[in-house]
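Below, all heavy atoms of this structure are taken into account, side chains as well, without hydrogens, waters or symmetry copies. On a predicted model such as this, the values are computed, not experimentally measured, just so you know.
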Amino acid sequence: MRTPPVLAARREDPVVSWTAAIGVALLALVLRLWNLGEPRQFQFDETYYAKDAWSLANHGYVREYVEGADEKILDGTTDGLWQSDPSMIVHPEVGKWLIALGERIFGMDPFGWRFASAVVGALMVLVMVRLVRRMTRSTMLGVVAGLLLMFDGLHFVLSRLALLDIFLAFFTLCAVSCVVADRDWYRARLAALAPEPVTSGWGPVRGLLWRPWLLGAGVFFGLAVGTKWTAAYPLAAFGLLVWAWSAGARRAHGVRRPVLRSALVDGVPAFAWMVLVALVVYVASWTGWLVHADEYEKSLSSTQYTQFEAERPCDEDGNEANDDDSGARWPTATEPDASGPGEVAQSLRSLWSYHQDLFTFHTHYLNCSEHDYASTPAGWLLMNRPVGVAADVDIQPGTRGCEAPEGSDCLRQVLLIGTPVLWWGGVLALLVAVTTWIGARDWRAGVAVVGTASTWLPWLQYDDRPIFLFYISLALPFVVLAIVLAMGRLIGPSRVPTTRRTVGVVVSGSFLVLVMLNFAWFWPIFTNGLLTHGDWLDRIWFQRWI
């Protein structure tokens with residue numbers, strides 16, 4: 001695929017571009033650290049991840065905790081809350097290790113368990129700026145992309161919660177950035193190895209086996225999958241895109257049947273660098289679990305069942321199934337403890353059995369569950385149903401700062417919802433990206449389309465179980481990319497003042513300002529701000545948002 005003209009024709013100072021990127025990221029960090037410890041409570045699923053992270057940091061594996069642990073932790077007590085039995089966690093451990101890092105630095109309190117999310121959220125803004133800068137050769141568009149990401153409510157709130165999704169989105173964005181960098185590296189390397197058109201054969205092979213940027217992509221994808229399994233979808237999608245880009249580069253150099261030939265000489269090495277490296281990183285991320293695998297095996301030996309045996313899984317119609325075998329003991333549960341290499345093999349086999357239990361949980365047990373904030377993924381891009389992660393309601397006038405008129409009251413809320421103007425504009429931009437990718441063969445639009453499709457469409461197969469709007473946060477960087485690419489096309493590549501450029505700058509600038517104003521309007525429901533009931537309703541635009 002050909003590379004379209006970039007917005008800026010002249011070469012820009014790298015010091016200026018890096019300074020701008022770091023400046024935007026620092027602003028994002030300040031916003032995310034502001035009043036981070038409030039509300040002083042476990043918000044939504046923080047109750048699981050914060051305690052699991054503390055157990056990882058202090059015991060090396062996740063342990064069960066006593067009843068009433070939340071209240072004792074908020075009172076400042078952390079001793080005697082964790083039992084010796086391991087907890088059957090249902091997500092991998094990378095994100096929880098990062099949460100644990102903040103807890104080790106600042107303590108087991110809301111600021112401590114949210115700190116890592118705030119830092120990673122700001123770093124994600126930095127990566128966004130640099131990715132768009134690389135793809136457009138425009139520092140201005142890179143900064144705009146960073147600002148759009150910074151002022152999205154979904155990204156902002158997730159950066160202030162001890163949930164896993166901000167880490168998942170960060171590692172995935174880093175991986176995609178490496179994939180894009182590999183495209184540039186591969187084409188430059190191919191041009192250096194084959195300065196003349198290839199008249200026969202495969203073209204350069206040996207000189208293109210080592211692809212350092214794909215190695216980086218494999219590491220980051222491994223960390224992403226090690227946070228949540230859903231990163232496997234963009235890993236597969238961008239792996240195929242790497243193959244397509246490599247084949248396109250070989251075709252441009254005259255190689256015949258480039259798709260098939262590239263599948264062998266480029267696809268196989270790319271699979272090794274991305275998928276196999278990701279697998280190694282993923283397994284390595286379970287080191288704490290593997291070291292303490294005997295604790296899980298002993299627990300199974302004594303109980304003979306997994307914790308999921310307390311419930312029955314559901315069939316496709318939502319009814320309780322009768323053929324559940326997830327409570328069966330692992331084969332390693334009755335084996336004597338091995339030593340040396342045999343112990344490693346035994347622990348890996350236990351980990352495999354553990355993953356089978358996790359897969360059963362995610363594919364069966366959740367089907368019968370219900371949740372007030374569950375939503376259908378078909379409407380996620382339109383912000384169909386936000387998630388309330390904290391609420392303090394019925395605050396009476398004259399108490400706790402409430403100045404509501406007589407007969408009304410005040411409340412505080414933290415709502416997980418994207419900035420609507422950004423997402424609704426992003427839907428239009430994605431439609432433009434699809435036509436641009438297909439019609440104008442703009443490879444950059446392909447990144448936006450493939451990224452959004454691979455992080456959103458797979459959820460459509462799970463619309464019969466409780467899933468939540470904030471899962472679409474993984475697609476946010478690609479929605480932002482689609483918007484910025486549309487802005488670039490509106491403004492045009494020339495720096496000469498023209499009517500088109502003026503209109504493009506006005507439209508693009510107005511959209512950015514609208515996003516910032518929309519973010520500011522929702523600020524109180526992003527940050528647990530005190531609102532009268534009427535002011536709160538002014539921000540709840542649709543009945544389904546309640």
Side-chain angles (χ1 to χ4, degrees), residues 44-45 91 121 124 128 148-149 151-161 163-170 172-173 176 224 227-234 236-237 362 366-367 369-389 413-434 447-484 486 515 518-519 522 525-526 539-546:
F44 201 59
D45 283 351
H91 289 298
M124 191 173 169
M128 187 82 234
L148 290 174
L149 185 64
F151 292 118
D152 175 65
L154 203 60
H155 185 270
F156 177 76
V157 177
L158 284 174
S159 298
R160 294 165 55 85
L161 291 174
L163 303 185
L164 302 180
D165 299 82
I166 194 67
F167 306 111
L168 171 66
F170 171 69
T172 302
L173 180 60
V176 172
T227 303
K228 273 191 172 182
W229 288 350
T230 48
Y233 291 110
H362 284 293
L366 294 179
N367 288 350
S369 308
E370 295 182 359
H371 199 286
D372 290 340
Y373 291 116
S375 58
T376 56
W380 284 351
L381 292 177
L382 298 174
M383 300 290 102
N384 59 340
R385 176 88 175 131
V387 177
V389 297
Q413 183 182 39
V414 178
L415 196 66
L416 259 173
I417 184 174
T419 303
V421 170
L422 187 153
W423 283 90
W424 296 342
V427 171
L428 297 177
L430 284 169
L431 295 176
V432 173
V434 171
V447 175
V449 173
V450 170
T452 304
S454 62
T455 54
W456 169 48
L457 294 181
W459 286 108
L460 296 177
Q461 63 185 317
Y462 302 118
D463 61 357
D464 58 345
R465 52 173 279 191
I467 50 181
F468 305 99
L469 173 73
F470 63 88
Y471 294 173
I472 197 62
S473 61
L474 192 54
L476 174 60
F478 307 107
V479 174
V480 169
L481 175 60
I483 293 172
V484 174
V515 169
N518 196 195
F519 177 83
F522 283 131
I525 60 175
F526 292 153
R539 290 161 174 81
I540 305 300
W541 291 351
F542 303 99
Q543 181 68 27
R544 62 180 178 272
W545 284 10
I546 297 178

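For the pair I467 and T376, the minimum side-chain heavy-atom distance is 4.5 Å or more. Using a 4.5 Å heavy-atom cutoff, the side chains of L415 and V389 are not in contact. Looking only at side-chain heavy atoms (C-beta outward), W541 and F522 come within less than 4.5 Å of each other. Under the 4.5 Å side-chain criterion, counting only non-hydrogen atoms from C-beta, P458 is in contact with Q461. In this structure, the side chains of I417 and W545 come closer than 4.5 Å at one or more pairs of heavy atoms.
Evaluation of the ring pair (Phe, Tyr, Trp, His ring centres under 6.0 Å) rule for W424 yields no partner, not counting sequence neighbours. Residues forming a side-chain contact (heavy atoms from CB on, under 4.5 Å) with Y373 (at least two apart in sequence, or on another chain): H371, R385, V387, F468. Residues satisfying the side-chain contact (heavy atoms from CB on, under 4.5 Å) criterion with V421, sequence neighbours excluded, are F511, L514, V515, N518. Residues passing the side-chain contact (heavy atoms from CB on, under 4.5 Å) test with T227, sequence neighbours excluded: V94, L164, F167, L168, F171. Every side-chain contact (heavy atoms from CB on, under 4.5 Å) that A237 has, sequence neighbours left out, goes to V450, S454. The salt bridge (charged side-chain N to carboxylate O under 4.0 Å, His left out) check on D165 picks up K228, with sequence neighbours excluded.
For the atom pair M128 CE and F170 CZ, the distance stands at 13.0 Å (nearest 0.5 Å). Atom CG of L149 sits about 8.0 Å away from atom OG of S159, to the nearest 0.5 Å. Between atom CH2 of residue W459 and atom CZ of residue R465 there is a gap of 5.5 Å, rounded to the nearest 0.5 Å. Taking CG of L474 as the start and OG1 of T455 as the end, the distance is 5.0 Å to the nearest 0.5 Å. A distance of 5.5 Å separates CG in L148 from CD1 in I483, rounded to the nearest 0.5 Å. Atom CD1 of I472 sits about 9.5 Å away from atom OG of S375, to the nearest 0.5 Å.
Side chain of T172 to main chain of A169: no donor-acceptor pair is present (N/O by atom type, distance under 3.5 Å, no hydrogens or angles). Using modelled atom types, one side-chain atom of W456 and one backbone atom of P377 make a donor-acceptor pair closer than 3.5 Å. A donor-acceptor contact shorter than 3.5 Å is absent between the side chain of W423 and the backbone of W380. Side-chain N or O atoms of T419 include one that pairs as donor or acceptor with a backbone N or O of F151 at under 3.5 Å. Counting only distance, with no hydrogens or angles, the side chain of S473 and the backbone of F470 share a donor-acceptor pair below 3.5 Å.
For the residue pair G426 and V479, the shortest heavy atom distance occurs at CA-CG1, 3.6 Å. Shortest non-hydrogen contact noted between R544 and P386 is O-CD, 4.2 Å. For T452 against A448, the heavy-atom pair with the smallest separation is OG1-O, 2.8 Å. Residue F44 comes nearest to G388 through the heavy atom pair CD1-O, 4.3 Å, listed as atom of the first residue, atom of the second, then distance. The two residues P466 and A374 have their closest heavy-atom pair at CA-CB, 3.9 Å. Between L416 and L469, the closest heavy-atom pair is O-CD2, 3.8 Å.
Aromatic ring pairs are classed by plane angle as parallel below 30°, tilted from 30° to 60° and perpendicular above 60°; the pair F519 and F156 is perpendicular.
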side-chain contact (heavy atoms from CB on, under 4.5 Å) between V414 and R160, worked out
CA-CA 10 Å; V414 178; R160 294 165 55 85; over 6 Å; no

Run the side-chain contact (heavy atoms from CB on, under 4.5 Å) test on V484 and V480 for me, step by step, so that the C-alpha distance in whole Å, both residues' side-chain angles and the decisive distance to 0.1 Å come before the verdict.
CA-CA 6 Å; V484 174; V480 169; 4.3 Å; yes

